[in-house]
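Not measured: the values here are computed from a predicted model.
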Amino acid sequence: MRSERATAGGSGAGGARPLRRDAEENRLRVIRAAREAFAAHGLGVGFNDIARHAGVGVGTVYRRFPDRATLVREALQGEVAQILAVADEAIAAEPAWDGLMLLIGHVADLLAANLGLRDVALGPGQLSEDFGDVAERVAGHVEELLERAKGEGSVRPDATPQDLTMMFLMITELAMHATASNPRAYRRYLRIFTDGLRATGPDAPLPDRLGEADAEDVARRWTSRS
């Protein structure tokens with residue numbers, strides 16, 4: 001295999017030198033393989049498996065990506081940007097219920113199709129630090145939509161952002177196990193869950209509310225596949 005060292009004619013002092021053509025091709029091959037492996041199996045996929053899928057040696061993966069967080073960022077940044085785009089569209093919708101349903105439905109589709117994205121979006125502290133700004137912005141949109149919808153009287157007053165996290169975890173877990181038999185089955189149960197968010201007046205209040213720390217602990221355990 002040819003050397004993957006950088007070319008001698010790099011950028012200015014202190015700048016990163018461009019990779020040789022073969023090295024850059026290998027880097028892109030690893031990113032594509034990681035994106036596919038993470039989507040199918042979640043973030044617990046090992047570097048050996050990614051290297052095998054990319055058709056390169058594992059040393060190539062480590063040279064280009066010294067740690068898992070770097071590879072996760074490169075492989076999933078486009079998919080994370082999709083979630084933010086959906087949230088930005090949803091926050092502009094009127095009434096707020098329509099925006100909330102748009103966000104929930106589209107994000108559920110994205111997470112059901114990509115277990116790695118699911119782990120990043122729902123697993124706090126799981127190699128998702130590089131997406132912290134996006135996570136905060138999306139969380140802010142969710143909170144605002146919920147509060148606006150409560151003000152409109154369309155969402156029950158005791159619904160919380162943590163309820164949505166648990167809903168996504170349960171729905172995407174179903175999607176993962178139903179892929180072979182009925183890949184759209186999760187949409188039925190998503191409708192059941194979202195109907196449960198509606199403000200219906202006489203219903204009894206929801207019991208056993210999960211706090212933020214409790215929800216994060218559940219999400220961390222649920223999305224761990226190491």
His41 vs Leu115 side-chain heavy atoms within contact, under 4.5 Å: no
Just to verify, which of Leu117, Val72, Leu110 counts as forming a side chain to side chain contact (heavy atoms under 4.5 Å, CB included) with Val80? Leu117
Shortest non-hydrogen contact from Tyr186 toward Ala108: CE1-O, 4.1 Å
Any idea which heavy atoms bring Arg68 and Gly46 closest together, and the distance? NH2-CA, 3.8 Å
Which pair of heavy atoms, one from Ala96 and one from Ala149, lies closest together, and at what distance? CB-N, 3.5 Å
Thr179 side chain vs Ala175 backbone, donor-acceptor pair below 3.5 Å: yes
To the nearest 0.5 Å, atom NE2 of His106 lies from atom CG of Leu111 at 13.0 Å
When you measure from the side chain of Asp163 to the backbone of Thr160, do you find a donor-acceptor pair of N or O atoms at a distance under 3.5 Å? yes
Does the Arg118 side chain pair with the main chain of Leu169, one donor and one acceptor, at a distance under 3.5 Å? yes
Which heavy atom in Val45 sits nearest to a heavy atom in Ala37, and how many Å separate them? CG2-O, 3.6 Å
From CG (Asn114) to CD (Gln82), nearest 0.5 Å: 9.0 Å
Measure the shortest side-chain to side-chain distance between Met170 and Tyr189 over non-hydrogen atoms and say whether it is less than 4.5 angstrom. no
Would you compute the distance between atom CG of Leu164 and atom CG of Leu103 and round it to the nearest 0.5 angstrom? 8.0 Å
Quick one: CG on Leu197 to CD1 on Ile192, what's the gap to the nearest 0.5 Å? 13.0 Å
Any Val86 side-chain heavy atom under 4.5 Å of Leu102 side chain: yes
Can you tell me how far the CD1 atom of Ile31 sits from the CG atom of Asn26, to the nearest 0.5 Å? 11.5 Å
Is the closest side-chain heavy-atom distance between Arg198 and Val155 below 4.5 Å? no
Going by an N to O cut-off under 4.0 Å, is there a salt bridge joining Asp133 and Arg137? no
Nearest heavy-atom contact between Phe131 and Gln77 is CE2-CA, 4.0 Å
Partners passing salt bridge (Lys or Arg N to Asp or Glu O under 4.0 Å) against Arg156 (at least two apart in sequence or in another chain): Asp158
For Leu28, is there any backbone N or O sitting under 3.5 Å from a side-chain donor or acceptor partner on Arg64? no
Report the residue from Val30, Leu76, Leu43 that forms a side chain to side chain contact (heavy atoms under 4.5 Å, CB included) with Leu71. Val30
Please assess Val120 against Phe38 for the test side-chain contact (heavy atoms from CB on, under 4.5 Å), listing each intermediate value before the final yes or no. CA-CA 10 Å; Val120 165; Phe38 290 150; over 6 Å; no
Mind checking what makes salt bridge (Lys or Arg N to Asp or Glu O under 4.0 Å) contact with Glu136, not counting sequence neighbours? none
Could you tell me whether the side chain of Thr172 and the main chain of Phe168 form a donor-acceptor pair under 3.5 Å? yes
Heavy atoms of Ala215 and Gln162 approach each other most closely as CB-CG, 3.4 Å
Near Glu152 CD, under 6.0 Å, is it more than 12 heavy atoms from other residues, nucleotides or ligands? yes
Under a 3.5 Å distance rule, please check whether Asp98 uses its side chain to pair with a backbone N or O of Ala93 as donor and acceptor. no
Which pairs pass ring pair (Phe, Tyr, Trp, His ring centres under 6.0 Å) with one or both residues in residues 50-76, sequence neighbours excluded? Phe47-Tyr62
For residues Glu74 and Arg27, determine if any side-chain heavy atom of one lies less than 4.5 Å from a side-chain heavy atom of the other. yes
Does Arg220 use its side chain to pair, donor to acceptor, with the backbone of Gly123 at less than 3.5 Å? no
Please round to the nearest 0.5 Å and tell me the distance separating atom CG of Asp109 and atom CD1 of Ile104. 12.0 Å
Tell me whether Thr194 contacts the main-chain N or O of Leu190 through its side chain, where contact means a donor paired with an acceptor under 3.5 Å. yes
